[in-house]
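Here is the structure we will look at.
Letters go in sequence order (proteins before strands), and every chain restarts at 1.
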Amino acid sequence: MTVTLERLMLQLQVDQLNAAYVATLDERRYGDWPAFFVEDARYKVQARENFDRGLPLALIALESRGMMKDRVIGVTQTIFHGPYYMRHVVTPAQVVDDGDGPIRAQSHYAVFRTRPGGLSEVYNVGRYVDEIVRTSDGLKFASRVCVYDSELVLNSLIYPI
Amino acid sequence: MTVTLERLMLQLQVDQLNAAYVATLDERRYGDWPAFFVEDARYKVQARENFDRGLPLALIALESRGMMKDRVIGVTQTIFHGPYYMRHVVTPAQVVDDGDGPIRAQSHYAVFRTRPGGLSEVYNVGRYVDEIVRTSDGLKFASRVCVYDSELVLNSLIYPI
Amino acid sequence: MTVTLERLMLQLQVDQLNAAYVATLDERRYGDWPAFFVEDARYKVQARENFDRGLPLALIALESRGMMKDRVIGVTQTIFHGPYYMRHVVTPAQVVDDGDGPIRAQSHYAVFRTRPGGLSEVYNVGRYVDEIVRTSDGLKFASRVCVYDSELVLNSLIYPI
């Protein structure tokens, strides 16, 4: 791998994007979450079986920032559910920028859930499969697919991953 | 985000500081732990509810390197407890250095505990909220607050996080 | 720590090597796994007690790429076992390159296992202790020891870590 200064800078920007993204979710600033995406971005939470087979079935599938804002309103104001804390641990991203189309990135994540008075537990593990674009406001996701390993627990998945 | 060479170097230094810190703890070199801090540094392990509300209550609150050394002696020589291994997994840090005051950094962590003959289990998850200063001996923590998500298990927290 | 541009580039290369390595395993491309090593590389999966005491006993000990290829065949074609997904979360590496001998690196990892229809669970946590060399085909492992914290569960460890 040839490493240029430009490549180093891109890596830092992608890893900082991921760090800011997960901090926003874990600190429950859900209203700030759609701003990580471009206007017509896609966001999916999908089991790896379906992802690997190219099937459309997904737990969450949003196709614009508007849909993300609706989702946030639903999560914070409408849905009745037991509250829980999330904690994301995300790895340094694999980044490919061939100069043709969006930057492609992938990183592994583990999300831990803590319910009030409860122990922290493994909640959702998988990988982010991303398409990222440069905007005047910095890097944004054009597409983020959260490809998770387990089918279970997720019927109670409320917040974005 | 504008990325300079200086910013790249700072990121590497902060991430290496975190990597060295967790390796020291996980390899049980507790005597080396206070050296990650400046003389009058603060170290706290605090539940996120208390942190978010600005409450002082904390599980551990040390206000100098001397207190840290006392803690290490207590942990390694005095306290009777069941031994366990720790394993920290820590993310690339979010770093802000506005040139005015200490460098501010934040990273997410998961700590796994393994007791003799037992399975590894999720022990403590949360984030490090740090103030870091440059010294002639490299970067040191002026303040590290370990803000954890769960209130449970922690009555048996013996070693620093 | 003095940070040079060369040091920044090395860090990126090592972290990308780790990212590609764990992606290969987690995406079940086991046939690509031996290519992360040089021909006469060593690969070990060893409990920390044995590692710390310098004892040879190890769960897996392979001493060439040929042995790794045999292992892959065994894993994918011969051994009867319940299938499971792995998910590795690995930290930015500590890297030391003193210009004399191989690059030495260490990183912490957590591996989560998901069995069909089951929850994701903590499977194996520990650290990678690595010796890495530069080749015409990029960085390769001359030695990777996976030093894990727990003795349990591992009788069912099938895939490389």
- Query: Which bit of Gln106(C) comes within less than 4.5 Å of chain B, counting heavy atoms only: side chain, backbone, both or neither?
  - Reply: side chain

- In terms of ring plane angle, is the pair Tyr109(C) and His88(C) parallel, tilted or perpendicular, where the classes change at 30° and 60°? tilted

- Message: Ring centres under 6.0 Å, that's the criterion: do Tyr123(B) and Tyr84(B) meet it?
- Response: yes

- Okay, Asn18(B) and chain C: the region with an atom under 4.5 Å from a heavy atom over there is neither

- Please look at Arg48(C) and chain B and tell me whether the side chain, the backbone, both or neither of the residue comes under 4.5 angstrom of a heavy atom of that chain. side chain

- Heavy-atom count around Arg53(C) CZ within 6.0 Å, excluding the residue itself: above 12? no

- With respect to chain C, which residue among Asp15(B), Val89(B), Leu17(B) yields the maximal number of heavy-atom pairs within a distance under 4.5 Å? Val89(B)

- Query: For Ala23(B), is it the side chain, the backbone, both or neither that has a heavy atom under 4.5 Å from a heavy atom of chain C?
  - Reply: both

- Task: Would you mind checking if Glu121(C) and Arg115(C) are paired as a salt bridge, meaning a charged N to carboxylate O distance below 4.0 Å?
- Result: yes

- Message: Between Asp97(B) and Arg104(B), does any NZ, NE, NH1 or NH2 come within less than 4.0 Å of an OD or OE carboxylate oxygen?
- Response: no

- Specify which of Ser107(C), Gly126(C), Ala93(C), Pro92(C) makes the most heavy-atom pairs with chain B at under 4.5 Å. Gly126(C)

- Query: Taking the six-membered ring for Trp, are the ring centroids of Tyr21(C) and Phe36(C) within less than 6.0 Å of each other?
  - Reply: yes

- Query: With a 4.5 angstrom heavy-atom cut-off, which part of Gln11(C) approaches chain B: side chain, backbone, both or neither?
  - Reply: side chain

